[in-house]
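For reference, the structure is listed below as structure tokens.
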Amino acid sequence: MERLTGQQVYNKLVEAYGKPRWWPGTPYEIMVSAVLVQNTAWTQVEKALAAWGEPEPAKVLEMPVEQLQETIRPCGFMKAKAATIRNVSEWYRGYGFDIEKARATSLDRLRRELLGLKGIGAETADAMLVFALHKPSFVIDAYTRRFLDRMGYGFTDDRQIRRFFESGLPADYQIYGWYHWLLLEHGKNHCGKQPTCDGCAFSTVCPGRIL
DNA sequence: ATCCCGCATT
DNA sequence: AATGCAGGAT
């Protein structure tokens, strides 16, 4: 059975959902919200950010941890996430809070550094790499895995998924970011835990479709 | 595999 | 009352 290439999937997603969005906020806000959104609805992140004003790393490092915890309370896991945000901010201080300086560093090195921070796993690291650091490192989340699984690709681990996307596309962080956003949108609209196959752009080719 | 945590939705 | 949500650590 012929399967769609990564590029073909992308084209169909754009056709279905239109011009993709981008992760909102300053680079530091993007890094912070990537932590806040872990296992949490985006609406909760918006709530915390609205009450926050504009997060700034130097201030976060001066702030008492308890205050930081209260600020991010709506997002849940506040003790762990507050600690993680501090870890990220300390890491960022190593670059003088200078995003261009960080961006001048290689993808591999940045990724290793981020994965070394407690509270940052592969998904969060890749989201930060793409949206804040402008590096092409494909974001693989639960929606992505579920979609590919239902589509019958038969991937057994994230390495295969990464190869599927990264070998079939130009190594362009913008494409990766847009692609991730489209997969997320698709997951929310049709391919969530409980699939809604009515009106799905892939319902004619998807072996996992529910009739 | 299980626990971590707050909130919206059902 | 139960479930689910842009996960991660143990």
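Per chain, numbering begins at 1; letters A, B, ... match sequence-line order. FYI, side chains are in, hydrogens and waters are out, and symmetry mates aren't considered; it's all heavy atoms of this structure.
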Between A:N87 and A:T84, do the side chains contain a donor N or O and an acceptor N or O under 3.5 Å apart? no
Between A:T40 (side chain) and A:C75 (backbone), is there a donor-acceptor pair under 3.5 Å? yes
Which word best sums up how the rings of A:W22 and A:W178 line up, parallel for under 30°, tilted for 30 to 60°, or perpendicular for over 60°? perpendicular
What residues in residues 66-89 of chain A put a non-hydrogen atom under 4.0 Å from any atom of DNA chain B? A:R73, A:P74, A:G76, A:F77
Are the side chain of A:K135 and the backbone N or O of A:Y173 linked by a donor-acceptor pair below 3.5 Å? no
Nucleotides 8-10 of chain C: which of its N/O atoms have a protein N/O under 3.5 Å away?
residue : atom : partner : partner atom : Å
C:dG8   : OP1  : A:G121  : N            : 3.1
C:dG8   : OP1  : A:G121  : O            : 3.4
C:dG8   : OP1  : A:T124  : N            : 3.0
C:dG8   : OP1  : A:T124  : OG1          : 2.5
C:dA9   : OP1  : A:G119  : N            : 2.7
C:dT10  : OP1  : A:K118  : NZ           : 3.3

Student check: side-chain heavy atoms of A:N11 and A:V14 closer than 4.5 Å: no
Just say parallel, tilted or perpendicular for the rings of A:Y153 and A:F164, cut-offs at 30° and 60°. tilted
Under a 4.0 Å threshold between the charged nitrogen and the carboxylate oxygen, would A:K59 count as salt-bridged to A:E62? no
Aromatic plane relationship, A:F97 with A:Y92 - under 30° parallel, 30 to 60° tilted, over 60° perpendicular: perpendicular
Nucleotide interval of DNA chain B bounded by contacts with chain A (heavy-atom cut-off, under 4.0 Å): B:dC4 to B:dA8
Please round to the nearest 0.5 Å and tell me the distance separating atom CZ of A:R112 and atom OG of A:S106. 6.5 Å
Less than 4.0 angstrom from a charged side-chain N to a carboxylate O is my criterion; do A:R73 and A:E70 meet it? yes
From CH2 of A:W42 across to P of C:dG7 the rounded distance in Å is 12 Å
